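Structure first, commentary second.
Residue numbers start from 1 in every chain, and the chains themselves are labelled A, B, ... in the order their sequence lines are given, proteins ahead of strands. Since this is a predicted model, take the numbers as computed values, not measurements.
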Amino acid sequence: MSHLICSGCKDIFAGSKSVTSQRIASALAPLMECTQCDSEALSTSAYSPGIVASEEELAVCACHPNHILDDGTLSFNIVDAAYLHGMSVTRIAHSAGGEVGVQAFCAAIFPGPTEKKKRAKRADGIAVFLASDARNIKHGDGTRAYKVYDTANESLTAHADVVATNYFGLMEALPVEEQGIRTQAQWNLVEKMSLKMRELLV
Amino acid sequence: MEEIRAAVARRGFLGHMGDISTRCVPQHMLSNSNERQVHQGIKELNEFSHWRPSMRLYNICEQLLEAPALPHMQLAEKFGWTSVEMPTENLYAEVFVRGEHTEVLSVSRRRQVHQKVYQLLVGGSPKTNNYDKAFERLKYFVEEELDWDGCNGQPASDSTAFAVSRFLSMAQTKGISRPSLTLSNSGAVSVIWNRGRNYVTIHFQGCTKFVAIVLENGESKLALERPAMDFPKELEDHLLENFKEDVTFNLFRL
């Protein structure tokens with residue numbers, strides 16, 4: 001693999017695994033300052049099927065019912081994860097079974113109520129967007145709002161993460177002006193997402 | 001009267017309603033300062049007669065309008081509300097008031113009738129928009145499980161719910177349409193109005209303050225923090241201009 005990130009960035013990724021889940025995104029921020037390589041344009045591990053191309057479709061399966069609005073559209077909260085631990089996405093083209101496979105994967109994570117967990121959530125579907133959708137969203141000052149990193153691992157080779165570039169942590173901990181900037185970026189990304197309900201595919 | 005009863009029974013409106021109970025009253029009414037008043041209202045309803053809820057509707061119709069009730073029940077059908085879908089007294093009031101629209105009564109007459117119906121039903125002030133779903137969702141968020149999202153998600157705290165509930169009540173009385181509610185991983189609750197690329201997001205965590213973010217055409221136009229008791233004028237104006245309750249929304253179905 002000649003397209004792997006530099007050792008310094010590898011250390012940053014490794015170090016992010018030792019912080020609390022709410023600080024992972026901010027722990028990855030130094031990646032943006034690396035002068036040796038561009039982490040977004042390289043692979044992070046030998047398990048990767050290749051860098052995340054901008055035209056690639058990504059799917060997030062955090063279509064949690066608590067994040068669906070009354071009109072059936074997605075809420076900005078679905079992007080909260082990008083500011084905490086990174087928003088896990090699946091690269092559809094590299095996932096076994098493609099979109100249907102991702103739906104099944106999400107359904108396995110949120111299977112719905114069981115005898116033991118009566119309030120367990122059921123995944124309603126997946127939200128699909130292009131890597132370029134996330135990469136092209138900018139704050140008012142022209143800075144990019146999100147990076148998309150290939151974060152493949154042995155068991156999930158099609159795994160990637162959308163990670164915010166600023167305004168990390170819990171929304172309510174930020175100054176009001178920053179909450180406004182972040183909320184705008186989150187809605188802007190949600191606007192690019194296409195919600196695909198499970199029932200329509202199976 | 002017996003004919004009406006028989007006709008309505010044939011249409012399936014009876015037999016599904018259950019007895020008069022607190023479930024007939026919006027939950028938020030039970031948790032605010034009107035609690036005693038609401039319970040008194042229920043008591044009076046129970047004493048008013050042994051009517052089942054649907055019977056109350058056409059008795060109220062006859063009492064206030066001096067008109068047969070069956071047309072109003074038929075209107076309910078036209079709205080697509082089956083007996084199962086009409087669990088709250090608010091909806092009965094809505095059927096009643098929407099029915100009034102079709103009879104081209106004056107606004108003052110409609111208000112008068114609505115006021116009477118509401119007083120009969122819950123003993124409180126009339127509210128033209130139905131926020132039940134928002135209050136129910138808020139209650140659900142409070143009762144949410146720990147780790148609800150698989151990432152250590154927290155339920156909404158009682159104090160957050162208190163602040164949100166108070167805010168919702170204020171929005172409701174101002175004639176603003178019902179918002180959506182979402183829950184964050186931290187237990188914060190967002191109250192959201194959305195239309196096209198226009199969004200109003202009110203963020204609550206705890207009962208002391210909230211942050212309101214207004215986006216127009218996808219761009220942030222207003223970001224302010226206020227004590228939880230407040231309903232800022234600029235926010236109210238924006239909501240009334242962009243998200244005013246449309247009480248005639250379903251009339252095209254008639």
Side-chain angles (χ1 to χ4, degrees), chain A residues 20-22 24 61-81 83-88 106 109-111 113 117-121 123 137-140 169-192, chain B residues 131 133-134 137 140-141 143-156 160 177-206 208-226:
Chain A
T20 61
S21 64
Q22 291 187 350
I24 292 174
C61 63
C63 297
H64 194 283
N66 289 356
H67 294 161
I68 305 282
L69 303 179
D70 287 358
D71 63 3
T73 59
L74 290 166
S75 165
F76 76 105
N77 304 82
I78 194 173
V79 190
D80 280 345
Y83 297 83
L84 300 171
H85 41 74
M87 183 169 74
S88 284
C106 293
I109 294 175
F110 294 111
K117 292 192 82 175
K118 303 239 183 266
R119 297 190 71 176
K121 302 300 180 298
I137 289 171
K138 293 187 172 148
H139 298 130
L170 298 176
M171 178 77 87
E172 54 269 27
L174 297 173
V176 177
E177 292 74 19
E178 294 187 4
Q179 289 193 41
I181 296 168
R182 173 169 152 181
T183 302
Q184 176 179 323
Q186 290 187 232
W187 278 120
N188 289 168
L189 182 51
V190 165
E191 287 172 347
K192 301 290 184 185
Chain B
Y131 270 44
K133 186 171 179 180
R137 197 156 158 91
Y140 184 87
F141 289 166
E143 295 168 352
E144 185 58 282
E145 301 169 325
L146 281 169
D147 194 31
W148 55 265
D149 57 356
C151 298
N152 197 31
Q154 302 294 304
T160 298
S177 62
R178 188 190 70 216
S180 298
L181 266 63
T182 60
L183 181 64
S184 295
N185 168 272
S186 64
V189 173
S190 296
V191 177
I192 297 168
W193 285 268
N194 63 308
R195 183 170 295 157
R197 299 194 72 213
N198 295 329
Y199 308 95
V200 175
T201 310
I202 320 281
H203 205 64
F204 289 88
Q205 178 68 295
T208 58
K209 63 183 182 183
F210 65 79
V211 169
I213 312 287
V214 175
L215 268 62
E216 282 184 1
N217 200 25
E219 292 188 9
S220 181
K221 291 294 177 194
L222 178 69
L224 51 83
E225 182 179 276
R226 288 288 186 276

Atom [atom1] of [X] and atom [atom2] of [Y]: how far apart are they, to the nearest 0.5 Å?
X      : Y      : atom1 : atom2 : result
A/D80  : B/S190 : CG    : OG    : 7.5 Å
A/E191 : B/R197 : CD    : CZ    : 4.0 Å
A/N66  : B/N185 : CG    : CG    : 11.0 Å

I'd like to know if the side chain of [X] reaches the main chain of [Y], judged simply by a donor and an acceptor atom lying under 3.5 Å from each other, with no hydrogens or angles considered.
X      : Y      : answer
B/E225 : A/V176 : no
B/S180 : A/D70  : yes
A/N188 : B/G218 : yes
A/H67  : B/L183 : yes

Original post:
At a heavy-atom separation under 4.5 Å, does A/L170 approach chain B through its side chain, its backbone, both, or neither?
Top reply: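 Side chain only.
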**OP:** Might you point out which heavy atoms bring A/G180 and B/A223 nearest each other, and give the distance in Å?
**Re:** CA-CB, 4.4 Å
Original post:
Of the non-hydrogen atoms in A/Q184 and B/L215, which two are nearest, and what is the gap between them?
Top reply: CA-CD2, 3.6 Å
**OP:** Answer yes or no: is there a side-chain heavy-atom contact under 4.5 Å between B/S184 and A/M171?
**Re:**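 A side-chain contact is absent here, since even the closest heavy-atom pair is not under 4.5 Å.
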Subject >> Heavy-atom side-chain contact between B/S220 and A/I181 under 4.5 Å >> reply: no
Contact part of [X] toward chain A, heavy-atom cut-off under 4.5 Å: side chain, backbone, both or neither?
X      : result
B/K221 : neither
B/L224 : backbone
B/F204 : neither
B/T201 : side chain

**OP:** State, without any angle test, whether A/Q179 and B/H203 hold a side-chain donor-acceptor pair at a distance under 3.5 Å.
**Re:**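 Result is no, nothing qualifies.
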**OP:** Check the side chains of A/D71 and B/N194 for a donor-acceptor pair under 3.5 angstrom, ignoring hydrogens and angles.
**Re:** yes
**OP:** Specify which of B/V214, B/I213, B/N152 makes the most heavy-atom pairs with chain A at under 4.5 Å.
**Re:**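 Most pairs with chain A among the choices: B/I213.
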Original post:
Using the ring of each side chain (for Trp, its six-membered ring), is B/Y199 parallel, tilted or perpendicular to A/W187, with breaks at 30° and 60°?
Top reply: parallel
